[in-house]
2 protein chains.
Amino acid sequence: MTDDFLKQLGHLALASRLKRISDKMIHSGREMYKHLGLDIEPNWYLVFKLLKEEKELSVTEISAALQMSHPSIISIINKMIKSGYLNSRKCQDDGRKQLLSLSDKTKNVYPQLEKIWTAGTQGVAQMVGETDLLELLDMIEARLDQKSFMEMTLENIESNGQ
Amino acid sequence: MTDDFLKQLGHLALASRLKRISDKMIHSGREMYKHLGLDIEPNWYLVFKLLKEEKELSVTEISAALQMSHPSIISIINKMIKSGYLNSRKCQDDGRKQLLSLSDKTKNVYPQLEKIWTAGTQGVAQMVGETDLLELLDMIEARLDQKSFMEMTLENIESNGQ
DNA sequence: TCAACTTATGTAGTTAGCTACACAAATATA
DNA sequence: TATATTTGTGTAGCTAACTACATAAGTTGA
């Protein structure tokens, strides 16, 4: 018997435990950048890595690639622009679009960032060990895409009620 | 090659993926309560279940059991009190303490809530299948408690730099 | 017994997601 | 070609966690 009530709840508390772990890691990531004297936030690596690969993307394209809502992306990129890490220019062909790319400032610090991300990847790999956690997450996300947690639960309520 | 950039990032994006899954499930849980006509929020089940078991607890005790900060607990219980699901009384022995317990309203709807949570537990169990996901989470949380993600990463930066 | 410390609660302000709505630009269609 | 629809971006307002600070009540020890 542990004093961690979430563990006791078993499957019911899955979402809460996933949230607890991710919150803790994200918070620790924020501390790490601060410790290293960088004005970078934990979720920016997604945009950095994506734009390193794709060179120039619109808000909607970033939103689709990261599977996050476009208001979330706007909030992230506005901070990154303000801090000088992204360039933004209006698209010539389509006046609605804003095209984002990495700034020179970013290109200068990129080697340092890569070292941090490499070390972070190693840290997660050490934590996860030889387990197949990432494959499990693939499976869970695939199942959640097929049928939402609400749908699954409502179906179970239905069939339990028979 | 998938169009989900987070998957491509492998271990590096673990925290982001855990967040994405938990956010999705929590959001779906909110919709479910709404669909069922209940004015209950997704994270309240933790307090309901805990107080069902322990009868009467203070803010700090709830905070410890759920491993959440006390301001988070205050925010949750204030809403639950406002909605009539919790009773609060001042502790006689210790005037600083607020003692929380389940209200009659809660006791009346509890059977219905149990059905929902049972169905939700089944839903998660179906999603997780025969895997050992919960044990993996136990392991990861234990390792994170020993050494934070920041510490792990900084150590790796150090040793990579040699 | 009273000052210093500790503990329990509460408040303020931050970050990170989200949906719903607004609006402008592009495209499609009658 | 003019109107209607779609698409891309942006804003407002929501939830949920956190830390840091404030305050009040208990406890301890000189």
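Computation of the quantities below employed the complete heavy-atom set of this structure, encompassing side-chain atoms and omitting hydrogens, waters and symmetry-equivalent molecules. Reminder, nothing fancy here: chain letters follow the sequence lines and each chain counts from 1.
Scored by the side chain to side chain contact (heavy atoms under 4.5 Å, CB included) test, A:Met152 finds A:Leu144, A:Lys147, B:Met127 as partners (sequence neighbours excluded). Judged as a side chain to side chain contact (heavy atoms under 4.5 Å, CB included), and not counting sequence neighbours, the contacts of A:Ser101 are A:Glu56, A:Asn87. A:Ala125 meets the side chain to side chain contact (heavy atoms under 4.5 Å, CB included) test with B:His11; sequence neighbours excluded. By the side chain to side chain contact (heavy atoms under 4.5 Å, CB included) test, A:Ser75 pairs with A:Lys79, sequence neighbours left out. Applying the salt bridge (charged side-chain N to carboxylate O under 4.0 Å, His left out) rule to A:Asp145 yields the partners B:Lys24; only residues at least two apart in sequence or on another chain are considered. With sequence neighbours left out, A:Lys97 forms a salt bridge (charged side-chain N to carboxylate O under 4.0 Å, His left out) with no residue at all. Residues that satisfy the salt bridge (charged side-chain N to carboxylate O under 4.0 Å, His left out) test with B:Lys49, not counting sequence neighbours, are absent from this structure.
When DNA chain D is scanned 5' to 3' for any atom under 4.0 Å from a heavy atom of chain A, the first and last hits are D:dT7 to D:dT19.
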Legend entry - Base-contact (B) and sugar-phosphate-only (S) positions in nucleotides 11-18 of chain C, heavy-atom cut-off under 4.0 Å, - elsewhere: B---SSSB
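Along DNA chain D, the nucleotide nearest B:Asp94 and the nucleotide nearest A:Lys97 are compared for position; the residue whose nucleotide lies closer to the 5' end is A:Lys97.
Between B:Phe48 and B:Tyr110, the ring planes lie perpendicular to each other; the angle is over 60°, past the 30° to 60° tilted range.
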Identify each donor-acceptor pair in which a side-chain atom of residues 131-142 of chain B lies under 3.5 Å from a protein atom, sequence neighbours left out, and give them as a table.
residue  : atom : partner  : partner atom : Å
B:Thr131 : OG1  : B:Val128 : O            : 2.8
B:Asp138 : OD1  : A:Arg17  : NH1          : 3.0
B:Asp138 : OD1  : A:Arg17  : NH2          : 2.7
B:Glu141 : OE1  : A:Arg17  : NE           : 3.1
B:Glu141 : OE1  : A:Arg17  : NH2          : 2.8
B:Glu141 : OE1  : A:Arg20  : NH2          : 3.1
B:Glu141 : OE2  : A:Arg20  : NE           : 2.9
B:Glu141 : OE2  : A:Arg20  : NH2          : 3.2

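Applying the salt bridge (charged side-chain N to carboxylate O under 4.0 Å, His left out) rule to pairs touching residues 37-47 of chain B yields B:Arg30-B:Glu41, B:Asp39-B:Lys105, sequence neighbours excluded.
Of the residues in residues 136-148 of chain A, not one places a heavy atom less than 4.0 Å from an atom of DNA chain D.
Atom P of nucleotide C:dA8 and atom CG of B:Leu57 are separated by 13 Å, given to the nearest angstrom.
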